[in-house]
**Student:** 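Can you keep this structure in mind? I'll have questions shortly.
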Amino acid sequence: MTETKREVWITGIGIVSCYGEGAEQHWQALGGDKAPAPIQDSERFPPYTVHPLPEMDWKLQIPRKESRQMENWQRLGTYAAGLALEDAGMKENEEVLSSMDLVVCAGGGERDIDVDNLIMKESRERDDHDILLNERLSTELRPTLFLAQLSNLMAGNISIVHKVTGSSRTYMGEESSGITAIQNGVARIAAGQSTHLLVGGAYNSERLDLLLSVQLGHYLMQNSGAPVGERIKEEGGTLLGSAGAFLILEDAEFAKARGAKPYAKLTGVASDLGPRDEASTTARLNEIMDKLDIQPSDTTAVISGASGCKEVTATEFAVLRKRLGSETAIRAYTSLTGNALEANFPLGIALSALALKNNSFYSKFDVTETDAKATPSKIIVTSLGHYRGEGMAIVEKA
Amino acid sequence: MSNKFTDHKGRPIIVVTGMGVVTSLGEGKDANWKALSAGKSGIKKISRFSTEGLRTHIAGTVDFMEPEEISAPAISYSMADSTAGEALEQAGFGTDGFPGPLYFAAPPVELEWQHRFDLLAENTSSEAGYTAVLEAARNNKHERMHELVQLGTIAYTIADKYKTKGLPISMSTACSSGATAIQHGMEAIIRGDTDAALCVASDGSVTAEGLIRFSLLSALTTNPEPTKASRPFSKDRDGFVMSEGSAALVLESLEHATARGANIIGVIKGVGEKADSFHRTRSSPDGMPAITAMKYALADANLSPDEIGYVNAHGTSTPENDRMESNSLAAVFGDRIREIPVSSNKSMIGHTLTAAGAVEAVFSYLTMSENTIPPTINHENPDPDIILDVVPNKSRQAEVDNILSNSFGFGGQNACLVFGRYLA
């Protein structure tokens, strides 16, 4: 658990998801009593449904020259980071940016699917696969693609494009990396090791190579775009979603000094790892909730990053309902945005902060959810990785 | 404000109580130090895969471990397991578990070609390509293959095995990742989040594709002679040698280490970090971010440049890094830079990428404990523009009390650490 010594404010939000871009746009599309329909694409990658990117005009945040050096995963992160800086009123403020810490949660970038397909095709016609790889990879791979694939190069691009140069750290490990990024960012500000930082990640779900890496363990939902609550009544599985989510976190004193207003405050983050059987997972989640002092209250609600994988999601909901009461409002936002893996936890924090700022919450994201009894003043954000790692954060009204 | 357990800022003093290392020179501190201090190179012709048709045929591969398969995640894990085990044993932590978190500098792993070919072989009825391998993945669950290609798995596995606390943290700051893992351990102890941290870095990603990617960026040497190819600070240096390795360090607050009667290897005195926004692969020509990171590290350690007795250089052997690093060192140390020994372990072990900062931290502490500075080998043609005393070719006896270690990486990453002798 990260004990908050200095108050940590969320003062900027940059989101891109299938619902469009920007904090305000997301609140307009999803917030209050809206009942948004899921935006999904089940045509391009059958039998998988993904939540696709909206139409993007990258040059609004990324100069063309730089954009050409990236693929969509890095563009999405760099774009969302720019939105967050803009939202916090920090964009192009060199003094603030040169001392701003950058914290990114990242996977790997796009492979060249055409080259991979070509090599796979030719591998059927010859046995010397070693030589085939050497020939084809040496001649077909674009040199810049490597840089588009390196995990820490999303951060590198954000430094280049937005001039964020205090420090730069990239965390890895699927959903867990998002938990770590937020937890570490909050810990640093709370302890006075950072005054202001940009934290977040992005995920491009519209990629065969990434669909494959999740399908290998049979974690993907097939032939269905059903929301989380309904999915776990069937065989369950995750639906991936393209999203970028960045936050500006500030020491409240630093924010006040520059006249910035908070969306909300982040008052605690806790995480753990352990075996995924029901008993162990339940015990760990209870321990996390004890660390965060989570108690039942009509003004406490849950924004869940549930993957939709059957057992772990069912356990999560059961533990939350047992602790908070069976009528507690739990919103599995992944029903609407899909699971954005590395970016999933920052996205949940952003959606929570938006609700708190607007003195409102979200209507049910699927029929299995319950209405909120009161407008929450405290939101628990959860993320249980599709296969390992789990964490929760507390976002409160500032 | 400070007592015997706190530093100039009243923060807990952080010490190292256990270390483990694997490089192409061997497994463990003894084997590595013996070779390193003798100026031996671990670089060899690649035997892991065919290099026919490639521009590079050499690497610092680690071929003596017994990974479950020959892939970056499996090799990286096998080395990390070895170094974590060695470090924990030296630190005196048994099998009951480690009282702190794991900070793991993780290599970028993904599905490899052998996996794609294996999946393809399972499904010969569809046209070859992603459609076919996805079908194969649907037809049969490939649980282990899934685990291997998730970026968090190595850390999860090490955390499970050595019973570290909480969610392990996997990170990448490219070629400064090893230093970043140590930095995270320091920061967590300073925050009071923990009394101890296990910092591990590992990189076993010498695959055909990995080699080709670096080669396409013209980052690798094309020198065909394995032991001669890594030539940091030489006039005829022409790129780095891609290598594998791992290192682990047990960090503790001095108070915690003292209370349990641990043997103290040395002190971690300071860290400095600065991001660069100049270019994806190149450093700012004026070296400002590297200079700033070094200055921050010295200030964090409360040391003046005069108190540094040796610099463990990043020294990759690329024309650009070594020039930038040399100029930056001159900017930080002034004229005294001519008198400070500066050597590059990479002349012997190549560039262990993700692991480099941690591997070089272990070697820095050995440099102090053994009173021997490892050389920069292959230094036959000095670069007249580089004024450093690179400890050419032969190790040197010297008593060093404080060491600056540099790590720079693609993506504008710059992290510098200051290590010190423990004077009880």
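Just so you know, these numbers use all the heavy atoms, side chains as well, and skip hydrogens, waters and symmetry mates. Proteins come first, then strands; the chains are lettered A, B, ... in the order of their sequence lines, and each starts at number 1. Given the structure is predicted, the values throughout are model-derived calculations rather than measurements.
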**Student:** What part of B/E110 gets within 4.5 angstrom of chain A, counting heavy atoms only: side chain, backbone, both, or neither?
**Tutor:** side chain

**Student:** Of the backbone (N, CA, C, O) and the side chain (C-beta and beyond), which part of B/E127 lies under 4.5 Å from a heavy atom of chain A, both, or neither?
**Tutor:**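 Interface part for B/E127: both.
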
**Student:** So for B/F104, is it side chain, backbone, both, or neither that comes closer than 4.5 Å to the heavy atoms of chain A?
**Tutor:**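 Neither part.
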
**Student:** Counting only non-hydrogen atoms closer than 4.5 Å, does B/S126 touch chain A with its backbone (N, CA, C, O), its side chain (CB onward), both, or neither?
**Tutor:** backbone

**Student:** Non-hydrogen atoms of chain A under 4.5 Å away: do they reach the side chain of B/A159, the backbone, both or neither?
**Tutor:** side chain

**Student:** Measure B/L120 against the heavy atoms of chain A and call it side chain, backbone, both or neither at under 4.5 Å.
**Tutor:** both

**Student:** Answer yes if the side chains of B/Q413 and A/N152 hold a donor-acceptor pair under 3.5 Å, and no otherwise.
**Tutor:**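 Yes, a side-chain donor-acceptor pair sits under 3.5 Å.
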
**Student:** What part of A/R284 is in contact with chain B, defined as an atom under 4.5 angstrom from a non-hydrogen atom: side chain, backbone, both or neither?
**Tutor:**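 Contact with chain B involves no heavy atom of A/R284 at all.
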
**Student:** Give a yes or no answer on whether the side chain of B/T51 reaches the backbone of B/L54 with a donor-acceptor pair at less than 3.5 Å.
**Tutor:**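 A pair under 3.5 Å: no.
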
**Student:** If the threshold is 4.0 Å, N to carboxylate O, is there a salt bridge linking B/D160 and A/R388?
**Tutor:** yes

**Student:** Do you see a donor-acceptor pair shorter than 3.5 Å between the side chains of A/E175 and A/N339?
**Tutor:** yes

**Student:** For the interface with chain B, which of A/I113, A/N134, A/T170 has the highest count of heavy-atom pairs at distances below 4.5 Å?
**Tutor:** A/N134

**Student:** Have A/D101 and A/S194 got a donor and an acceptor in their side chains that come within less than 3.5 Å?
**Tutor:**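 On atom types as modelled, these side chains qualify, holding a pair under 3.5 Å.
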
**Student:** Pick one of side chain, backbone, both or neither for B/L119, based on which atoms fall under 4.5 Å of a heavy atom in chain A.
**Tutor:** side chain

**Student:** Under 4.5 Å heavy-atom distance to chain B, tell me which part of A/L150 shows up: side chain, backbone, both or neither.
**Tutor:** side chain

**Student:** Of the listed residues (A/L153, A/L216, A/I158), which shares the most heavy-atom pairs with chain B below a 4.5 Å separation?
**Tutor:** A/L216

**Student:** Who pairs with A/R207 by salt bridge (charged side-chain N to carboxylate O under 4.0 Å, His left out), at least two apart in sequence or on another chain?
**Tutor:**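 Expected list: A/D209.
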
**Student:** Could you look at B/T180 and say if it's the side chain, the backbone, both or neither that has a heavy atom under 4.5 Å from chain A?
**Tutor:** side chain

**Student:** Top residue by heavy-atom pair count (under 4.5 Å) with chain B, among A/G389, A/G107, A/G192, A/P143?
**Tutor:** A/P143

**Student:** Answer with side chain, backbone, both or neither: which region of B/N414 has an atom nearer than 4.5 Å to a non-hydrogen atom of chain A?
**Tutor:**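 Neither part, no heavy atoms under 4.5 Å.
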
**Student:** Quick one: do the A/S167 and A/R188 side chains pair a donor with an acceptor below 3.5 Å?
**Tutor:** yes

**Student:** Sort B/H184 into side chain, backbone, both or neither according to what part of it lies under 4.5 angstrom from a heavy atom of chain A.
**Tutor:** side chain

**Student:** Which bit of B/F117 is near chain A, if near means a heavy-atom gap under 4.5 Å: side chain, backbone, both or neither?
**Tutor:** side chain

**Student:** Can you confirm whether the side chains of A/Q215 and A/Y48 place a donor and an acceptor under 3.5 Å from each other?
**Tutor:** yes

**Student:** With chain B, which of A/S168, A/G156, A/S159 has the greatest number of heavy-atom pairs at distances under 4.5 Å?
**Tutor:**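 With the most close heavy-atom pairs to chain B, the winner is A/S168.
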
**Student:** Taking ring-ring contact (aromatic ring centres under 6.0 Å, His included) as the criterion, tell me which of B/F408, B/F214, B/F240, B/F410 meets it with B/H351.
**Tutor:** B/F240

